[in-house]
S.K.: 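One structure follows; several queries about it will come next.
Every number for a ligand or one of its atoms is a count from 1 in the order of the listing. Every value quoted in this text rests on a predicted model; they were computed, and no experiment measured them.
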Amino acid sequence: MKTVIALTLLSLATAFGQDLGLRAAQTNQFREFPYCQCQKYPAAYTLSPFIRKGTTNTYCTTVKVLLPTNCTDYCCLKADAKKLEIDAKAACNAPGVVLSATLNGVPTAIAPNFELAPQGFPGSTVLKLTQLGLNLTTADGAEICITLGTNRAGKGCTNLEQLCVPPPGAPAGACSAALFSSNNDCCPSLPPPPPPPPPPPPITPGFRTCDTCVTFSLVAGPTAVFPYSFTPAQCDAYAKYVSAAFLKTASAANASIFKNFTLNTCTGNNVTICGKFRDANGALVAPYADALVAEFLNLVVPGGVAPPYLIGHTVTVTIASLEGTATSRRRSLLQTSTMICPDATTSVALTPPPVDFPKCICEFKQGTTPFAAFPFYTTKPGSKPLRTQYCFTFAVISPSVVSGPCANATTFSKAEFWASDALRRSLRGFYVKPNGAASYTFLSPTWGAVGEDTVRATPLDWTLQLANGAEICMELDSTTSLNDFCLGPYTNACFINIFDPTKKCCPMYASIGSPFVP
Ligand SMILES: *[C@@H]1O[C@H](CO)[C@@H](O)[C@H](O)[C@H]1NC(C)=O
Ligand SMILES: *[C@@H]1O[C@H](CO)[C@@H](O)[C@H](O)[C@H]1NC(C)=O
Ligand SMILES: *[C@@H]1O[C@H](CO)[C@@H](O)[C@H](O)[C@H]1NC(C)=O
Ligand SMILES: *[C@@H]1O[C@H](CO)[C@@H](O)[C@H](O)[C@H]1NC(C)=O
Ligand SMILES: *[C@@H]1O[C@H](CO)[C@@H](O)[C@H](O)[C@H]1NC(C)=O
Ligand SMILES: *[C@@H]1O[C@H](CO)[C@@H](O)[C@H](O)[C@H]1NC(C)=O
């Protein structure tokens, strides 16, 4: 009888490997790997998925030590890592299979083996590798490799598809594995548990902003003969100035700028330059807004004198603020309070500066006749060395701008320049070219009486057609600057009257070298 039992035991042992005794003891307490009561997470260790090493039947996982935040229990702060278990198919547990393992490339003292899970359901099997001897300081980066094999009869499992019971929903070849602490309380597992829901986004303390823009706008009025647009160089220069002025003002007001002022748009008629103030800083700067718009207007209309190209235009400079839409809504204190932000505006309709010219009595308003001079002249070399020509261009303007008793004028008979009597000898002559002419014609200057500071290009007697695009080039010795030669309040500009044959109509224009860029 004893023999029979022994034989039976032997045959069972043959069938179920080393775990014969345990099979009988499987308590069926746990349906799922790791078939025991233990803490999968939080835990100090993680395992990477198994990967095949080379062309062998060797599969490796890497241990990482990663202390979860705010976890202070044993599994996070103390647990060692003694044993690795993989949820295995019962069929792999063939008698006499040859298995081996390495830890960091060194063969382990004890080979892995299959085992029936003591508390698992009947037949539940694990591949176990014990006495790893890892702890929080030695486990990080440790590589554990298991080489699968068969018994002599070729039975056994040699790859993960054959070995592993995949986690629910996972494909063949996916493995469940756990790393046990010596006391079996902790069993950080592969696959890792689903990540905890992401923490709610941090509640940044809300703040409100003044989103402040400075606008330079230009509207051509009915008397604007040549509508003007801001140049990119002007936009850039205004932006640079505005940015610096706000920095300076903020500093004076003990305020800070949240976002510096930069050029936002430069569309020709509108230049906008925007920046931001945070919370109460806008209120600190607000009292300076009126002074700032006046300062900014001076960039467009230097010294309050309308530049020739802006006559007939209205220039408006505005500082306007919108309340920012930042993450501020949570702060009820600020929400209910009134935000004070910089706001101011100033505007000027530009008319020609009053000047002591022409010296005769005639209708000198712009738009009095259909003839006009462009607000910019061009410069080129003279007909001889050491001479320079300043060329003024004329146009026939839109009838909508022309009004008054001279509106029907059809002849451009002469042009008169406001020029210094003292520099008469510097003027070498006029070179004139009506529209359609192939070349310039020389015209001797005709000076008025001494004291009148008036020089004429005459006779011209251009028709509307000849005048439209005509040029008068004034040739000066290069040693004399145009600024000295031509008189008036502008720098580098000349005043010109265009006369009709009756001499009663003499609309006056000024031409300047280039737009003013601060
Ligand atoms: C950790 O605990 C601190 C203090 O209780 C808390 O402020 C922090 O939000 C916690 N971090 C996480 C990720 O739970
Ligand atoms: C981890 O093990 C190493 C070597 O076995 C040992 O020197 C070290 O003190 C252990 N560290 C901890 C935190 O137990
Ligand atoms: C700015 O702060 C300085 C030093 O704290 C103080 O002397 C000055 O009066 C303040 N200026 C204004 C405009 O509040
Ligand atoms: C604004 O510009 C000034 C000068 O370039 C710089 O010192 C400052 O840090 C800038 N401020 C911000 C908020 O970018
Ligand atoms: C230009 O500025 C004026 C005044 O701020 C504004 O009314 C107008 O809409 C702006 N035009 C453009 C094209 O931005
Ligand atoms: C200009 O000419 C038109 C038609 O030729 C005439 O009706 C008008 O009265 C004239 N205007 C002046 C100011 O002479």
Side-chain angles (χ1 to χ4, degrees), residues 39 42-47 62-68 71-84 101-110 129-144 179-188 204-214 235-264 271-286 288-289 292 295-296 299 319 321-328 339 341-342 518:
Q39 179 171 319
Y45 305 101
T46 62
L47 288 170
T62 303
V63 183
K64 281 257 178 303
V65 174
L66 193 71
L67 301 182
C71 171
T72 56
D73 67 24
Y74 176 86
C75 290
C76 295
L77 299 184
K78 295 232 161 62
D80 66 341
K82 182 188 181 191
K83 164 176 83 166
L84 176 72
T102 60
L103 173 60
N104 291 326
V106 179
T108 52
I110 298 193
L129 175 61
T130 189
Q131 300 204 7
L132 293 171
L134 296 172
N135 64 27
L136 291 171
T137 42
T138 56
D140 195 35
E143 186 190 50
I144 302 168
L179 199 55
F180 284 87
S181 57
S182 290
N183 63 7
N184 287 327
D185 284 349
C186 315
C187 55
T204 53
F207 60 84
R208 298 201 294 178
T209 56
C210 293
D211 296 0
T212 303
C213 289
V214 178
C235 293
D236 289 342
Y238 298 164
K240 218 170 136 191
Y241 188 98
V242 164
S243 177
F246 271 108
L247 279 171
K248 204 172 122 202
T249 303
S251 156
N254 283 349
S256 64
I257 293 177
F258 183 57
K259 182 191 164 292
N260 271 325
F261 282 75
T262 53
L263 183 63
N264 197 47
V271 184
T272 54
I273 299 149
C274 300
K276 291 185 188 190
F277 297 96
R278 183 179 163 164
D279 291 333
N281 287 287
L284 291 174
V285 171
Y288 298 84
L292 283 172
E295 201 176 322
F296 297 157
L299 302 175
I319 297 177
S321 300
L322 290 175
E323 197 186 312
T325 55
T327 53
S328 58
M339 275 288 270
C341 293

S.K.: For the backbone of K240 and the side chain of S243, can you confirm whether one donor and one acceptor N or O come within less than 3.5 Å of each other?
M.R.: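 Not confirmed, S243 side chain does not pair with K240 backbone.
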S.K.: For D185, is there any backbone N or O sitting under 3.5 Å from a side-chain donor or acceptor partner on N183?
M.R.: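 Yes, N183 side chain to D185 backbone: donor-acceptor pair under 3.5 Å.
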S.K.: Side chain or backbone of L247 under 4.0 Å from ligand 4, or both, or neither, by non-hydrogen atoms?
M.R.: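 It is the side chain that touches ligand 4; the backbone stays farther off.
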S.K.: Taking atom 4 (C) of ligand 2 as the point of reference, which of L136, T138, L134 owns the nearest heavy atom?
M.R.: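 Among L136, T138, L134, the closest heavy atom to atom 4 (C) of ligand 2 belongs to T138.
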S.K.: Under the 3.5 angstrom rule, does the side chain of N281 hit a backbone N or O of L284 as a donor-acceptor pair?
M.R.: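 Checked: no pair found.
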S.K.: Would a 4.0 Å cut-off, counted as strictly less than, catch a protein heavy atom around atom 11 (N) of ligand 2?
M.R.: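 Given the 4.0 Å limit, the answer for atom 11 (N) of ligand 2 is yes, a protein heavy atom qualifies.
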S.K.: Would a distance-only check, ignoring hydrogens and angles, find a side-chain to backbone donor-acceptor pair under 3.5 Å from D80 to S182?
M.R.: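 Present.
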S.K.: Would you say atom 7 (O) of ligand 4 has a protein heavy atom nearer than 4.0 Å?
M.R.: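 Protein heavy atoms within 4.0 Å of atom 7 (O) of ligand 4 - there are none.
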S.K.: Say whether, by atom type as modelled, one donor and one acceptor occur between the side chain of D211 and the main chain of E323 under 3.5 angstrom.
M.R.: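 The answer is no, because no donor-acceptor pair under 3.5 Å joins these two groups.
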S.K.: Below 4.0 angstrom from a heavy atom of I257, which ligand 4 atoms are there? Numbered from 1 as shown, please.
M.R.: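 Counting from 1, the qualifying ligand atoms are 13 (C).
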S.K.: Students should be able to answer this: which protein heavy-atom is nearest to atom 13 (C) of ligand 2, and at what distance?
M.R.: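 Checking every protein heavy atom, the shortest distance to atom 13 (C) of ligand 2 gives T137 OG1, 4.1 Å.
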S.K.: Okay, side chain of Y45, backbone of L136: is any donor-acceptor separation there less than 3.5 Å?
M.R.: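 Answer holds: yes.
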S.K.: Determine, counting only non-hydrogen atoms of the protein, whether one lies under 4.0 angstrom from atom 2 (O) of ligand 4.
M.R.: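 Within 4.0 Å: yes, protein heavy atom nearby.
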S.K.: Could you find the nearest protein heavy atom to atom 14 (O) of ligand 2 and give me its residue, atom name and distance?
M.R.: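 Ranked first by proximity to atom 14 (O) of ligand 2 is N135 ND2, 3.2 Å.
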S.K.: Counting N and O atoms only, with roles assigned by atom type, does the side chain of S181 sit under 3.5 Å from a partner on the main chain of C186, one being a donor and the other an acceptor?
M.R.: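 Side chain of S181 to backbone of C186, a donor-acceptor pair under 3.5 Å: yes, one is there.
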S.K.: Identify, for atom 9 (O) of ligand 4, the protein heavy atom at the shortest distance, and state residue, atom and that distance.
M.R.: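 Going by distance alone, atom 9 (O) of ligand 4 is nearest to N260 ND2, 4.8 Å.
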